[in-house]
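Below: the structure, in structure tokens.
Letters A, B, ... are given to chains in the order of the sequence lines, protein chains preceding strands, and every chain is numbered from 1.
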Amino acid sequence: MDYNFKEIEKRWQEYWERNKTFKTPDDLSNPNKCYVLDMFPYPSGAGLHVGHPEGYTATDIYSRYKRMKGFNVLHPMGWDAFGLPAEQYAIQTGTHPSVTTKNNCDTFRRQIKELGLSYDWDREINTTDPKYYRWTQWIFIRLYNTWFDEKLQKGRPVSELPIPDEIKRSGDKEIKKYIDSKRLAYYDDAQVWWCPSCRIVCANEEVLYDGSHEKCGNKVEKKNLKQWMLRIPLYAERLLSGFDKLEWPEGIKEMQRNWIGRSTGAEVDFQIDGLDEKLTVFTTRPDTLFGATYMVIAPEHQLIDKITTEKNRDSVKQYIRAASLKSDLDRTDLAREKTGVFTGRFAINPVNNEKIPVWVADYVLTGYGTGAIMAVPAHDTRDFEFAEKFNLPIVCIQDPDVNDTTQREKILAGKECWTEDGRYINSSSKENGIDINGLNKEAGISKITDWLEKKNIGKAKVNYKLRDWLFSRQRYWGEPFPVIHWEDGEITLLDENELPLQLPELEKYQPGESGESPLSNATDWLKVTDSSGRTGRRETNTMPQWAGSCWYYLRFIDPKNDSMIFDPKKEKYWMPVDLYIGGAEHAVLHLLYSRFWHKVLFDLGIVSTDEPYQRLFNQGMILAFAYENEAGAKIPADLAEERDGKYYNRETGAELRQIVAKMSKSLKNVVNPDDVVLRYGADSLRLYEMFMGPLDVIKPWDDKGVKGVYNFLARTFRFFANSENITEGPESKEILKGLNQAIKKVEGDIENLRFNTAISAMMIFLNLATKQGKVTRDTVKTFTKILSPFAPHLAEELWNMQGNKNTIAYEPWPEVNEEYLKEDTFEYPVSVNGKLRFKIELPVSMDKEEIGRIILKDERAQKWLATGTLANLIVVPNRIVNLVIRN
RNA sequence: GCCCGGAUGGUGGAAUGGUAGACACGCAGGACUUAAAAUCCUGUGGGCAGUAAUGCCUGUGCGGGUUCAAGUCCCGCUCCGGGUACCA
């Protein structure tokens, strides 16, 4: 009997669809729930990629396994369908993005269904559906109406925001301004990239390394536009502390921690000489104040005009101009020389009252700290580099902890930079009452910080790299903001019952005249008039693609609810997500943004958990073979041919090197899942993707490998579908042992997401069964059950052939019978000085002394004992024996 | 530069500090076949000796160390991958 996967897979896919086998019951009484989620895809025009089924198969196996374990499983799928490609296609062809999106979703849905993934399709969602984005807009309104109470570390409604008395006295306008300054969502000037030739605003990712636009090659510029921003840094501490309870890979937590970039230090005020102004800096090393020999402010610093003296005005102006033209990449390119100019002004170092020059340089960034630094060239590598270039004084104030005397001399002389620990020197001032000489770094930092606070010229301070999140895009194909800008400058948000604010139909999708979103073309839609005749204009920016994906896991809980974002009872039942699998490319942004929104919703009492994703796992990317020639140039895969294990260029005959690279159109090494399904079937594709290696590592696709798992499935079918191989009567001890070993291994491996070794365990059992020749029907049934999460089509077919009328999907998972796993004897490996020499079979119950006695008597041991004297005898029961022989 | 991973046969990979290379691909030999494909069986890290059974040596990127015992733990490197980048 042949393994006709085409027929089998079609039959069971139709069965599942017809019977709604995987519909999640709204039964909230089962205390065992399991929410298994994939990162939902952006449905691109290219269709599914072999990378998609990797994560989807993993979650599918887990979901199917949990159902068999009696869990109520929520396993949904949807589409993150807003995004640029559909909009660009619309600009080129006039096809509305919703049409393109629908087609792409249809393709993805068909492809996913052909893989036999057990999604509850009744819960399908689409971020571009007004019934969905209505609630995205609803959350935005919540963010706008929330402030962060730093004392309680908690978001609260703005209606509860205490207004300071002096603000109250200044009138309504000031009160409004004050409230706006506290909202989690606010509207303000922000820099964006602008391509003057395309007249379009670009995302960071669209700007190439040389500062040109990837679409047209022209240089992009920075432009200030009014933008919506979200104050995510207020949640930095919560986002950091939330990790404690989460089962996430340490690496991902670490990446997010780095992104948040918490650093502790102090803010210090420097009086500016000759002005009634002070310059505040942030430093992580207040202990090095005595070594601060100059200051640097960023070219965008607010006080720059005031600080710059007449004499230096021209050079400073020129420098600022030059800096503004540089792209971020130019400014942060590591190889670049440091640049800067003197402002002509001095500041007073508060510890020793020395006058130190204030410079402007673009190595100081506006967005971090206060945009100004105190420079300590002797103990900071960047300051050192700058000071050397511009001949600024370098004063060593720390005797370094080094043994190398020549290095120490250099450091003390200010010829080399020292950033590690040491004992302070030159660090006391009688008149200012501060002395840290002789202390180490830790003690120095705390002593100086205390002194600064006492003197009221500084304070301990925590800083974060994490910036406010630029939350608007100048695009058509995104969620419209529920916002109106009135003629008198007031900004109001729509009322919740006015949602959704739908995207208007447009004739053309080109951006507006002044860098505005395409929505500025929607004239009728734009204009609004209120009851008193005041006119206003709708917000023309749209939300970024992150918006829809920030909260989609919540909508899956109650996707069709039209009166609420979701039913709180259902939310309480299903949350948090128990297992979340997706690519590591979302390790930082999506997951951080999503956690931020979730925490706000939690603070407002809308969701019941503080964190959305309890257990996270990142699948490794699937790469493919590619070829390169002697010179290292990449050669398209279709030009390579294999002969005797070597690779040659079909056209030139030159030998090629096989390498592993990302799949790409230009390398012609993209593997299409449809082709694999056609040749080997969905079960083979699923199994191969899981068998390739551990789920979390990067691994290359190898067509030959698919054959291995296909062979396994075909042999499984041929063996178990053949009634001649099925016997009545009691099962053999060997089979029972092998079967129980397989159950145990597969179960443990699924829990730990180690599918490759689970599959290997099933292969071992099949090899055993084949060798034995016959097994009982119960054995077939049990094996079919453990196979079913991995190869569900084949399993349903075999299950049905055993006379079962119902799906195997809800059959209870087999229990391991430890009785069958018990062994009477153990084959001891006996090693001499750590090297295996021979094996001997002994009863498992035998004690150490007896084992030692028997082994020492063995002639094979005697042979080695003759070479020296026995120094030690290690016996680890049921593990190993080691003879230590010295000569 | 900094942070985080990784390196095991021809290939993908397996191995609670305790028999390195499970399982699979590939390859070689054999069976079936007129033949091929498919399928089945056997072998397969490298080396040396032996007709053989077998025995010995060697082997998890490199150099040290801890241990009765190290792919696994510690120290110092090399190379590869990912993240991040003048963050004061």
Choosing from [options], which nucleotide comes nearest the side chain of [X]?
X	options	result
A:Arg718	B:rG13, B:rU39, B:rC3	B:rU39
A:Val884	B:rA88, B:rC68, B:rU84	B:rC68
A:Asn711	B:rA88, B:rC25, B:rA15	B:rC25
A:Lys704	B:rC25, B:rA88, B:rU39	B:rC25

Going by the angle between their ring planes, with limits at 30° and 60°, are A:Phe386 and A:Tyr294 parallel, tilted or perpendicular? parallel
Would one find a side-chain N or O of [X] under 4.0 angstrom from OP1 or OP2 of [N]?
X	N	answer
A:Lys707	B:rG26	yes
A:Arg715	B:rC40	yes
A:Ser263	B:rA88	yes

Nucleic acid footprint by protein, nucleotides 54-63 of chain B - heavy-atom cut-off 4.0 Å, B for base, S for sugar-phosphate alone: -SSSS-----
Its contact letters, B for base, S for sugar-phosphate only and - for none at protein heavy atoms under 4.0 Å, make nucleotides 18-23 of chain B read BB--BB
Taking the six-membered ring for Trp, are the ring centroids of A:Tyr688 and A:Trp701 within less than 6.0 Å of each other? yes
Between A:Asp683 and A:Phe5, does the side chain to side chain contact (heavy atoms under 4.5 Å, CB included) criterion hold? Intermediate values first, please. CA-CA 8 Å; A:Asp683 281 340; A:Phe5 59 82; over 6 Å; no
Looking across every strand, which nucleic acid part, if any, lies under 4.0 Å from A:Arg257 by heavy atom: base, sugar-phosphate, or nothing? nothing
With salt bridge (Lys or Arg N to Asp or Glu O under 4.0 Å) as the test, would you mind laying out the steps for A:Lys441 and A:Asp421 before giving the verdict? CA-CA 6 Å; A:Lys441 191 161 146 184; A:Asp421 209 348; over 6 Å; no
Do the side-chain N and O atoms of A:Asn463 and A:Arg262 include a donor-acceptor pair separated by under 3.5 angstrom? no
Note, RNA chain B 5' to 3' with Watson-Crick or G-U pairs under 3.5 Å encoded as ( ), [ ], | and . gives (((((((..(((.....[....)))((((((.......))))))(((((....)))))..(((((..]....))))))))))))....
